[in-house]
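So the structure is just underneath, and the comments pick up after that.
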Amino acid sequence: MMSQPHLPERPGHNPELLALAREAALPPLSATFARVLAGFDDALFDRAETAGASQLVFLDGMRELRRRREDITARFGAHLQQAWAALEAAAPLSAEAVLAQAGQGDAGLSLVSEHELESRLAVRNFAAVVLREWKPVLARLDRRLAWISGVETLDIDTNPIGPEHIGVAVHEAFGVCDLAAEVRLVLIKLCEREFAVQVGRIYREVDERLAQAGVMPGISQAPPQRPAAAPRAARAADAEAGMAQDGEEDFSDPQHAPAWARRFTERWARHRGELQAGNHGGHEGEPSQGGQNMILEALHELLAQTRHVREDATAAARVAVGQQRPLSQHEMMSVLSLLQATPTATLRAAVGDQSESLAQRLKNEVISGATRLGVDPGQARLDPQDEDAIDLVGMLFDVMLDERELEGRSRELIGRLVVPFVKVALLDRRMFVQKTHPARRLLNSLAEACEGNAGESQAERALMGKVEEIIDRLIAEFNENLAIFLTLEEEFREFLAQHRRRIEIAERRATETQRGQEKLEMARSRAQAELERRLQGAPLPAAIEAFLRQPWNHHLTMSLLREGDDGEAVGEALALADVLLEEVAEARRHVVGKPWLQSVQPGLRKVFASVGLHGEGSVGAIDALHDTLQAIAEARPELERALPELPQVSLPTPPTQDPAALDLGEARPESVDHADAARFRAMDIGTWLDFIDKDGKVQAGKLSWVSPISSRLLFVNRRGIRFCVASPEELVVMERLGRLRPHVDDGAFDSAMQGVINRLDPQTPTVH
């Protein structure tokens, strides 16, 4: 039995156990990576055979991989060694920070290329795959490694052998190669396929060795076995029956119900005197079905009570109900199937007409369609429950089309879903109360894809094309089998995930742009302050002042960007300006015969080179400065020379005004209470807020990044594009002016249902 190393009495640095863990992890990870890497050139050769026009790209990649194999393996291991050394120093390294710094170059200002962002996202996907497969053992490793290294906690971002750091190591490893973007992505995907499983086995071995060594042995209990996933056919059958077993809401617990349903049932139960002793729709232990039925019954009752308000008296009194029979379900489905395949012009017009009730138009079209099928309109009417279903769907789409950013083609495509969703409502009322219902999930995904999509980019146009394809298939294939919604929702979800990846690239680009812009603003501010300090006092000769204001200011700004405040080039630039000013002072004392600018010639050439002035041009500019100083010393101002014309140089310009920017009026951010601003400072990355413009139009913005320089918050829109950059104090002022509020997004369906309830029962609280 192996001897156990001495354990500390409390969590603390234990070099012996850390060495044990390092030897169990780092060499096997590097060796395994090298082994799988050896097979990648064959995989690239196979890919080249089927790559068509890209064949040469993959063949070049194969040769580059063979040439650089040792360098790739060395860089992979080097990053893991670096991350492990940081852990041993009790200062764990952030994988996210390392990845963000990769490829920025010396200046740290230039935008990261799309290929670089694609590579970063690919290794993040690799890390996500590893985490998903080995989450329990990684959780144990986080705790054990934190214990023996003496740090408070480790997580997915700081565990030196965790999937995030291994992903960074893969990114760094291939960074040494001259590879086409598509080849690099294929290699990372191969790592995901070939390397991820081996990584998990190494995790398990490290975890077992630490447990055997006595490191937190009590956390090694095996998790309970999860039941196998239901086969696709069984899930499709559940969808057809309207049942979503996996994740179905338990309405006996208010926290599991949609926000609109909680507010509505509480309000309606109080109205009917059923909220005694805190009962929210079922006795203790009552199954979720009772809560769902309560919501449906309350909706039907509310629809019945408000119908006379929503319909004109003529329509309501056309014929006494007792003289009519309700249309059968077969007749209803026949009429709706005809409308689904060939919607009438009046129905299509109603989708775009905010002055007409879509629900009422639908009911009129159903009666007209029944007449065309041979049903006597004087002898037929809608069944009350069918009428309620049409009312709910019609109002649902009315609200969705009114309140969401759906215009033009997006509005038309979403409008084509009205009739299919009426059919779903007739077949399965639980669509209204089951968040996991496949029809509901499909509508949420399609609305997300359409909202704000003006087709401005190729990616947006491709997404709209996929939306149209999905809707066309639904129209063509949906009869009375709800399984089609599950099939289409799964297919569209996969496509939407690819589009979200593009959005993530755009979002990261917005962050990189803002980070570079803030670094530039800070560098400009410091350079301007240094310039103003040196321009104080007596006016300088024109050539000297022009030199400081133009090439020297630009050179200093760029040096600050590259190296920061304490960089060597920054010190040299400041010293150069000081020497130049000292020589101006000497010249004004009429010191004749001094070799002007002798000590700063190399520095001057460097400054002029930074603005594109080289060779003879640089010599001429330095001569102009020299002759100016000589003229001052000789008290002959007519001999002063101007600088030659300099190349036009410019730093990146600030972005245009944010779409969400607004006039704060007399409410100044300086007067904001500290506690209010702290609330915005504490917001998590990924938080969504609603920004409201002066016309009342609402657009959601996601907190994407908080500047470590200015503490300003960057928000992006649903396309990942910069939307607003504001300080916490400015956000407080916007909130006070009614231009900002928390964002509630349970999906398009739930948001629209909240709007339906508000229209039917204004006393029901709105959830924001």
Side-chain angles (χ1 to χ4, degrees), residues 94 96-102 104-112 117 506-533 553-554 556-567 570 650-665 667-689 691 699-717 720-737 739-740:
S94 164
E96 176 67 26
V98 175
L99 202 58
Q101 293 168 5
Q104 287 193 355
D106 294 335
L109 174 66
S110 59
L111 293 179
V112 176
L117 289 173
E507 181 178 340
R508 292 189 179 278
R509 184 177 296 281
T511 298
E512 298 290 345
T513 301
Q514 185 64 27
R515 180 185 287 113
Q517 184 61 43
E518 294 212 354
K519 288 177 66 177
L520 173 60
E521 288 176 3
M522 189 168 66
R524 271 178 165 157
S525 177
R526 167 77 191 281
Q528 188 64 29
E530 296 289 352
L531 174 65
E532 295 299 330
R533 188 157 49 246
N553 189 18
H554 179 272
L556 177 59
T557 302
M558 295 305 297
S559 298
L560 286 164
L561 274 173
R562 293 189 182 99
E563 302 180 7
D565 288 351
D566 301 323
V570 174
S650 62
L651 294 169
T653 56
T656 56
Q657 187 180 39
D658 295 324
L662 59 114
D663 181 6
L664 300 180
R668 306 311 306 163
E670 296 80 7
S671 64
V672 168
D673 183 78
H674 176 73
D676 288 337
R679 178 164 46 88
F680 285 104
R681 287 194 184 93
M683 278 196 313
D684 294 331
I685 297 295
T687 300
W688 287 85
L689 297 176
F691 293 81
Q699 185 166 350
K702 172 188 171 186
L703 177 58
S704 179
W705 178 70
V706 178
S707 169
I709 299 172
S710 66
S711 298
R712 289 185 290 180
L713 293 82
L714 167 68
F715 292 86
V716 296
N717 62 18
I721 306 301
R722 168 190 160 126
F723 177 67
C724 177
V725 178
S727 68
E729 291 76 15
E730 289 170 330
L731 293 175
V732 173
V733 174
M734 293 170 71
E735 184 179 49
R736 290 178 181 174
L737 294 175
R739 299 296 181 86
L740 190 69

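Just so it is clear, the values below take in all heavy atoms, side chains as well, and ignore hydrogens, waters and symmetry mates. Everything numeric here is computed off the predicted structure, so don't read it as measured data.
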>> Please report the interatomic distance CD(Glu532) to CG(Asn553), rounded to the nearest 0.5 Å.
In response: 9.0 Å

>> So, using side-chain contact (heavy atoms from CB on, under 4.5 Å) as the criterion, who are the partners of Ser710 when residues are at least two apart?
In response: Glu518, Ser707, Arg712

>> Contact between Leu689 and Lys702 at the side-chain level, heavy atoms closer than 4.5 Å - yes or no?
In response: no

> Does the side chain of Arg679 reach to within under 4.5 Å of the side chain of Glu735, using non-hydrogen atoms?
Replying inline: yes

> Looking at residues at least two apart in the chain, or sitting in another chain, which of them share a ring pair (Phe, Tyr, Trp, His ring centres under 6.0 Å) with Phe715?
Replying inline: Phe691

> Is Asn717 reaching over with its side chain to a backbone N or O of Gly720, donor-acceptor style, under 3.5 angstrom?
Replying inline: yes

>> My understanding is that only residues two or more places apart in sequence, or in another chain, count here; which of them pass side chain to side chain donor-acceptor pair (under 3.5 Å) with Thr511?
In response: Ser704

>> Using every non-hydrogen atom in the two residues, find where Leu560 and Ala527 come nearest and quote the distance to one decimal.
In response: CD1-N, 3.9 Å

>> Determine whether Glu730 and Arg736 satisfy the following criterion, salt bridge (charged side-chain N to carboxylate O under 4.0 Å, His left out), listing intermediate values before the conclusion.
In response: CA-CA 10 Å; Glu730 289 170 330; Arg736 290 178 181 174; over 6 Å; no

>> Taking the side chain as everything from C-beta on, heavy atoms only, tell me whether Asp565 gets closer than 4.5 Å to Val570.
In response: no

> With Arg681, which residues qualify under side-chain contact (heavy atoms from CB on, under 4.5 Å), at least two apart?
Replying inline: His674, Ala677, Pro728, Glu729

> Backbone N or O of Glu521 within a donor-acceptor pair of the Ser525 side chain at under 3.5 Å?
Replying inline: no

>> Using the side-chain contact (heavy atoms from CB on, under 4.5 Å) criterion, which residues pair with Ser711? Sequence neighbours excluded.
In response: none

> Could you give the distance from CE (Met558) to CG (Leu556), rounded to the nearest 0.5 Å?
Replying inline: 11.0 Å

> Ala700 and Trp688: which non-hydrogen atoms are nearest, and at how many Å?
Replying inline: CB-CE3, 3.6 Å

>> Could you measure the distance from the NE2 atom of His554 to the CZ atom of Arg524? Nearest 0.5 Å is fine.
In response: 9.0 Å

> Do Leu713 and Leu703 have side chains that get closer than 4.5 Å, going by heavy atoms?
Replying inline: yes

>> Quick test of your reading of the model: are Glu512 and Arg515 salt-bridged, counting only N-O distances below 4.0 Å?
In response: yes

> Is Thr513 close to Arg722 at the side-chain level, that is, under 4.5 Å between some pair of heavy atoms?
Replying inline: no

> Picking from Gln514, Arg509, Arg508, Glu507, what satisfies side chain to side chain contact (heavy atoms under 4.5 Å, CB included) with Val716?
Replying inline: Glu507

> Do Leu520 and Thr557 have side chains that get closer than 4.5 Å, going by heavy atoms?
Replying inline: yes

>> Tell me the closest heavy-atom pair linking Ala726 and Leu731, and the distance in Å.
In response: CB-CD2, 3.9 Å

> By salt bridge (Lys or Arg N to Asp or Glu O under 4.0 Å), which residues pair with Glu530, not counting sequence neighbours?
Replying inline: Arg526, Arg533, Arg534

